[in-house]
Undergrad: 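What follows is a single structure, and I will ask about it in a moment.
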Amino acid sequence: MKLTRLTVLAATTALTATAVFAQEDRAGWPESFTVGTASQGGTFFAYGSGWANLVAEELGLSGGAEVTGGPMQNMALVHTGEAQFGMTTMGPARESLEGTNPIAPGLQMTNACAMFPMYQTPFSVTALASSGITSIADIPDGARIGFGPAGSTSDTYFPRMMEELGVNFERRNGGWSDLGGQLQDGLLDVIAFAAGVPVPAVSQLEVQTDVNIIEFTEEEQQQIIDAFPVSAFEIAADTYTTLEAPARSVSMWNFAIANCDLPESFVYAVTDVVMSDNERMVNIHRAATSTVPENWDKNAVMMWHPGAARWFEENAGADIPDDMIYGG
């Protein structure tokens, strides 16, 4: 499962003044690290590249982001140790732990541990304004819908949601930036996004053309909540220039993950860098407004890495049961 590495790498040769741990405390730490993200143009990529570079700078390590197929593939990469860190969503995480990840059917990916809460992933639909599509009911029979990279959260759940709502479609996959270009060129009718907002590809589309950001009706929202592991969500009106009012949606929580065998002190230090200064994270991506310590309790699926669990217990008053901590 070797991937093409992104050349977005941050490297430093000396410890910075803000590094938390002295050199002698770094027994077993890797000399470099990789964070599995998703396709370019999506929120995972922008958010993951940002925190990877931040951690590399603060801890004086070589590290960076890697383009991947998203949450499902990240679970596999982190489980096997090919990537030290990754980002996943609770639905794909549960499937991976149960052995139903399509990348490796039957393999229970239990060596990927929770590290810190990221943000909620809203599910949203975008079409060109010229298409006349303003609601889910307007999507024509046989519409060409882009669902993101194969195996991503969007590709895993959004087709099922559309089928639940009675939409008949042709399924298309690709990176968000590529799908945005195909929508603009008339090669797609709709893009079904599952990504933290604002989605870079949607923001780019808004600059170049008129789009419709389509919300679910109250009935559609409840129908999806009843059928899938999601909760109600509203996309704020100021998220996109196109929106004049909040858009009704559903969402699923995302967590950063770590290989469970990484040294406790290393994961503690990484967690500290990300969680100790939310303003820096928000400057990386607006979705990080939810990357705050009190959201530790949004993980009810994965075992915690011991280093991350210790950070949240010491700094957020977290009461994490021993049987939810790896090796505990």
Side-chain angles (χ1 to χ4, degrees), residues 38-45 69-71 89 91 120-225 227-228 230 233-235 237 239-252:
S39 69
Q40 290 175 289
T43 305
F44 261 32
F45 174 78
T89 312
Q120 296 177 75
T121 288
F123 289 74
S124 61
V125 179
T126 300
L128 296 183
S130 59
S131 71
I133 299 172
T134 61
S135 68
I136 298 297
D138 287 339
I139 298 175
D141 189 58
R144 300 159 298 177
I145 302 181
F147 289 107
S152 65
T153 301
S154 184
D155 183 52
T156 302
Y157 288 95
F158 231 146
R160 301 180 200 171
M161 292 179 181
M162 288 295 190
E163 290 168 354
E164 174 69 23
L165 297 177
V167 178
N168 180 30
F169 54 85
E170 290 183 20
R171 185 173 183 160
R172 303 290 175 84
N173 292 112
W176 292 125
S177 295
D178 291 340
L179 293 177
Q182 291 178 42
L183 182 71
Q184 195 169 357
D185 292 341
L187 301 176
L188 293 175
D189 300 295
V190 168
I191 301 181
F193 290 94
V197 293
V199 180
V202 176
S203 298
Q204 184 177 351
L205 276 170
E206 284 189 305
V207 173
Q208 298 170 339
T209 188
D210 293 330
V211 300
N212 290 336
I213 296 171
I214 299 162
E215 67 173 351
F216 298 116
T217 65
E218 289 184 15
E219 293 77 16
E220 289 167 345
Q221 182 189 56
Q222 190 59 52
Q223 188 175 349
I224 294 170
I225 290 171
F228 300 97
V230 295
F233 187 86
E234 277 196 341
I235 301 172
T239 303
Y240 299 112
T241 57
T242 298
L243 287 178
E244 297 179 355
R248 193 180 298 105
S249 179
V250 295
S251 68
M252 189 179 288

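Computed from a prediction, not measured in an experiment: that's the story for all the values here.
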Undergrad: Donor-acceptor pair, Ser249 side chain versus Phe123 backbone, under 3.5 Å?
TA: yes
Undergrad: Please check: side-chain N/O of Glu234 versus main-chain N/O of Ala247, any donor-acceptor pairing under 3.5 Å?
TA: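 Not at all, since once roles are kept as given, no pair shorter than 3.5 Å links the two residues.
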Undergrad: Count the heavy atoms of every other residue, nucleotide or ligand shown that sit under 6.0 Å from CD of Gln208, and state whether that count exceeds 12.
TA: yes
Undergrad: Give the minimum heavy-atom separation between Arg172 and Leu187, together with the two atoms involved.
TA: NH1-O, 3.8 Å
Undergrad: How far does CD1 of Ile145 sit from CE of Met162, to the nearest 0.5 angstrom?
TA: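 The CD1 atom of Ile145 sits 4.5 Å away from the CE atom of Met162.
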Undergrad: Give the intermediate values and the outcome of side-chain contact (heavy atoms from CB on, under 4.5 Å) for residues Tyr240 and Val211.
TA: CA-CA 10 Å; Tyr240 299 112; Val211 300; over 6 Å; no
Undergrad: For Phe169 and Phe147, what are the C-alpha separation, side-chain angles and deciding distance, and is it a ring pair (Phe, Tyr, Trp, His ring centres under 6.0 Å)?
TA: CA-CA 11 Å; Phe169 54 85; Phe147 289 107; 5.2 Å; yes
Undergrad: So how far is it from Asn173 CG to Ser152 OG, rounded to the nearest 0.5 Å?
TA: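 Asn173 atom CG to Ser152 atom OG measures 7.0 Å (nearest 0.5 Å).
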Undergrad: Distance from Leu205 atom CG to Thr242 atom OG1, nearest 0.5 Å?
TA: 9.0 Å
Undergrad: On a heavy-atom basis, which atom in Leu183 and which in Thr126 lie closest, and how many Å separate them?
TA: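 Looks like CD2-O, 4.2 Å.
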Undergrad: Just so I know, are the side chains of Val230 and Met161 near enough to count as touching, which here means a heavy-atom distance under 4.5 Å?
TA: yes
Undergrad: Would you mind listing every side-chain hydrogen bond (donor to acceptor under 3.5 Å, both in side chains) that reaches into residues 190-201, with sequence neighbours excluded?
TA: none
Undergrad: Could you tell me whether the side chain of Ile133 reaches within less than 4.5 Å of the side chain of Pro140, counting heavy atoms only?
TA: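 Touching, per the 4.5 Å side-chain cut-off.
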Undergrad: If I compare all heavy atoms of Gly196 with all of Thr121, which pair ends up nearest, and what's the gap?
TA: N-OG1, 4.3 Å
Undergrad: Do the ring planes of Phe228 and Tyr157 sit parallel (below 30°), tilted (30 to 60°) or perpendicular (above 60°)?
TA: perpendicular
Undergrad: Sort and list the pairs that fulfil side-chain hydrogen bond (donor to acceptor under 3.5 Å, both in side chains) and have at least one residue in residues 178-197, not counting sequence neighbours.
TA: Arg144-Asp189
Undergrad: Is a side-chain N or O of Arg171 found less than 3.5 angstrom from the main chain of Asp155, in a donor-acceptor match?
TA: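 Judged by distance alone, yes, a pair lies under 3.5 Å.
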Undergrad: Just by distance, with hydrogens left out, do Gln40 and Ser177 show a side-chain donor and acceptor under 3.5 Å apart?
TA: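 Ser177 and Gln40 do not have a side-chain donor-acceptor pair below 3.5 Å.
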Undergrad: Just so I know, are the side chains of Val202 and Trp176 near enough to count as touching, which here means a heavy-atom distance under 4.5 Å?
TA: no
Undergrad: Where is the tightest heavy-atom contact between Pro149 and Ser39, given as atom of each residue plus distance?
TA: CG-OG, 3.6 Å
Undergrad: How would you list, by chain and number, every residue that makes a salt bridge (charged side-chain N to carboxylate O under 4.0 Å, His left out) with Glu164, sequence neighbours excluded?
TA: none
Undergrad: First locate atom OG of Ser154, then atom CZ of Phe193, and finally report the distance between them rounded to the nearest 0.5 Å.
TA: 8.5 Å
Undergrad: Closest heavy-atom contact between Pro122 and Val197?
TA: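 For Pro122 versus Val197, the nearest heavy atoms are CG-CG1, 3.9 Å.
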Undergrad: Would you compute the distance between atom CD of Glu215 and atom OG of Ser124 and round it to the nearest 0.5 angstrom?
TA: 11.5 Å
Undergrad: Nearest heavy-atom pair of Asp138 and Gly132: which atoms, and what distance?
TA: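 So the two residues come closest at OD2-O, 3.8 Å.
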Undergrad: Going from CD1 on Ile136 to CD on Glu219, what distance comes out if it is rounded to the nearest 0.5 angstrom?
TA: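 Going from CD1 on Ile136 over to CD on Glu219, the span is 13.0 Å.
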